[in-house]
Amino acid sequence: MAETSSRLAIETDDLTKRFGGKTAVDHLTLRIPVGTTFGFIGPNGAGKTTTIKMLMGMLRMNGGQARVLGIDVSTDPARMKQRVGYVPELHFIYRWMRVTEVIGFCRALYDQWNDRLCAEVLKLFELDPNKKVKHLSKGMVVKLALLLAIAHEPEVLILDEPTSGLDPLIREEFLDSVLRTICERQRTVLFSSHTLSDVQRMADTIGIVYEGRLLAECATEELLVGTKRVRAVLRDGATPGEPPAGTIWQRFERREWLLTVRGFSPDTVAYLKAKYPVDSVEVFDLGLEDVFKDFVKGRRASA
Amino acid sequence: MIKALLWKDYRVNLWLLTLAVALLIGPPLCAAALNLHGQLTIGSAPRAWADLLVLTAPFSLAAQLLTIVMLGANAFAAERADRSAEFLAYLPPSRWANVASKAIFAIGVCVFVWGAGLMTIYVVAPQVGVVSADLVEFRDGLLPTLAASSVMLFGVAWLGSTFLSSHTFATGLGIAGPLALLGVLQLWHYYFAPSGFELGYWYRALCWPLGLAAFVAGTVYYVRRVEP
C-alpha cells in the first residue's frame with residue numbers, strides 16, 4: 001500500500017459525504033497517479049466540488065479516506081496544502097487587499113515561493129500589482145487565483161471549474177498557462193469543468209462522476225477511440241432486443257436504433273447484423289461531450 | 001506565518017481599532033472642548049488637562065464594552081460573512097495558527113484599551129493628585145463590574161463568532177450573555193431569596209468563569225471544525 005501510495009498523487013477510498021438525507025459523494029474511489037492530468041466531469045450536483053473540497057480539507061467527510069501525495073487530508077491538511085495549488089470556481093480573495101498585498105500575504109504562508117515565476121506570471125497576465133482585488137474584473141481575479149496556485153510550485157494542482165463565466169479569450173490564456181505549467185513541471189492536475197472541449201484538450205485521463213459515483217475512469221484517448229455511436233436501421237416490423245455488450249445508452253424510434261457503445265469493435269456490428277434484421281449499420285465517432293451526455297443519459301434511463 | 005496572519009487580522013479589524021482609539025480619546029477630547037468653553041470649571045478656574053483625563057476615564061472604559069464585544073464577534077464571523085474565510089481555508093495555515101492570530105490581535109486590543117484606562121486611574125490620577133470621591137467610587141464599585149462584563153461579552157461573542165456567519169448576530173449573542181446572566185440571578189433572587197445574596201457580587205463572580213469557558217469552548221470548536 002505504501003509503495004502504491006507513493007506513486008499516487010490523489011487517492012480516495014470509499015469517500016462519502018452526506019448533506020442531511022442526500023448523499024453527495026457515494027463511496028467514491030479514485031486513483032490518480034503522479035504526473036496525470038485528470039479531467040473530472042459530471043453534471044451539476046454530481047459531487048465534483050464536494051469531492052474537491054474534501055480533498056482540500058475544507059469539508060468533513062462522513063466516510064472513507066482521502067490522501068493527497070500520501071498525506072491524509074483529514075489529519076494533516078496544513079502539510080498537504082503546502083504542496084497543493086487550488087483554483088476554486090468562486091473566488092473570495094480578500095477584496096480590500098491590493099494584488100501585491102495578496103501575493104505578499106500568500107508568500108509568507110508557504111514554505112517555498114518562486115519569486116521569479118510569480119513575477120513572470122504577473123507580467124504575462126498583465127495584472128496591476130497596485131490594484132485592489134475588488135477593482136479587478138472576473139477574468140483578472142481568476143488569473144490572480146491561478147498565479148497564487150502555482151507560484152509556490154505545487155506538486156498537485158486542483159482546478160474546480162476555474163474557467164466558468166470567463167470569455168473565450170481569457171479562458172484560452174488561462175488554459176495555456178495551465179498547460180505550460182503542466183508541461184514544464186510534470187505536475188499532477190485534477191481539472192473539473194463543464195467545458196468539455198477544455199477537458200478534452202487538457203486531460204489525459206477522464207473520470208465521469210454521476211450522483212456521487214464514478215461511472216467511468218479511463219484514458220481520454222481510449223475513451224474517445226473506444227466509444228462509438230452506432231446507427232442501425234431495422235427492417236419493417238423488427239424490434240430491438242438485447243443490445244451489444246458495452247452499450248451505455250440506446251434509443252429506438254420508428255426503425256432507427258441508436259446505440260452508444262463503449263469498447264466498440266467490429267464484433268459489435270457483426271453482432272447486430274447476425275442477431276437482428278438490419279437494412280444498414282453505420283458507425284460514428286463521438287466527441288467527449290457526446291460520450292459524457294450518453295453516459296449520463298444511459299445512467300438516468302437505467303435508474 | 002503568524003506575522004502575515006496578524007497583519008491580515010489587523011487590516012480586517014482596522015475599523016474596530018479605529019473605534020477603540022476614538023472611544024479612548026473621544027471623551028477627554030469632548031471634555032477638553034467643554035473645558036475651553038468654560039463648562040467644566042471648578043469655581044472660575046478651568047480644570048487641568050490631567051484632571052480632565054482622569055474625569056473621563058470611566059466613560060472611556062465603559063464605552064469600550066462596545067469595542068470588546070465587537071472584537072470577539074468579528075473574529076471569525078466577519079470573514080465567514082464575506083466568504084474570505086473560504087480563501088483562507090485552502091491556504092496552508094493550520095486552524096491553530098488562525099485562532100492564535102485572531103486571539104492575539106483581539107486580546108491585544110482589549111489589553112491596550114483597558115491598560116490605558118487603568119493607567120489613567122491608578123497611575124495618572126494619584127500622580128497629579130486628582131483622586132476625587134467619584135473616581136474612588138468608580139474604582140471600587142463599577143470598575144470590577146465593567147471588567148467582569150468585558151470578559152463575558154468578549155467570551156460569548158467569540159464563541160458565537162466561531163459558528164455564526166454574521167458578526168451582527170455574534171455581537172447580539174455577546175450582549176445577550178451578561179444580560180441573561182443578570183436575568184437568571186434576578187430570578188434566583190426572586191424565587192429563592194437566599195440570605196445575604198448580593199447580585200453584583202455573584203454577577204462579577206460568574207462573569208469571569210463563564211466568559212473564559214465560552215472563549216475556550218469557541219476556540220476548541222473552531223479548531224475541530226473542518227468547514228471554513
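In what follows, chains are A, B, ... by sequence order, proteins preceding strands, each numbered from 1.
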- Note on the structure: Minimal heavy-atom distance between B:Pro92 and A:Ala78, with the atoms involved, is O-CB, 3.3 Å
- Query: So which heavy atom on A:Lys81 is nearest to which on B:Leu91, and how close?
  - Reply: CD-O, 3.3 Å
- Item | A:Val133/B:Phe87 under side-chain contact (heavy atoms from CB on, under 4.5 Å): CA gap, chis, key distance, verdict | CA-CA 13 Å; A:Val133 172; B:Phe87 172 63; over 6 Å; no
- Query: Among A:Glu101, A:Met80, A:Arg83, A:Arg95, which residue forms the greatest number of heavy-atom pairs with chain B at distances under 4.5 Å?
  - Reply: A:Glu101
At what distance, to the nearest 0.5 angstrom, does [atom1] of [X] lie from [atom2] of [Y]?
X	Y	atom1	atom2	answer
A:Phe105	B:Arg11	CZ	CZ	11.5 Å
B:Arg83	A:Tyr94	CZ	OH	14.0 Å
A:Phe92	B:Ser84	CZ	OG	9.5 Å
A:Leu109	B:Lys3	CG	NZ	13.0 Å

Take a 6.0 Å sphere around [atom1] of [X] and say whether it holds more than 12 heavy atoms from other residues, nucleotides or ligands.
X	atom1	value
B:Phe163	CZ	yes
A:Trp113	CH2	yes
B:Tyr10	OH	no
B:Gln127	CD	no
A:Trp96	CH2	yes

- Query: By a 4.5 Å heavy-atom criterion (distance strictly below it), what part of B:Arg95 contacts chain A: side chain, backbone, both, or neither?
  - Reply: neither
- Note on the structure: Whatever's closer than 4.5 Å to a heavy atom in chain A on B:Ile2 counts as neither
- What about B:Tyr90 and A:Tyr86, are their ring centers closer than 6.0 Å? yes
Which answer fits [X], side chain, backbone, both or neither, if we ask what part of it has an atom under 4.5 Å from a heavy atom of chain B?
X	result
A:Ile158	neither
A:Met97	side chain
A:Val102	side chain

- Using 4.0 Å as the upper bound for N to carboxylate O, is an ion pair formed by B:Glu227 and A:Lys53? no
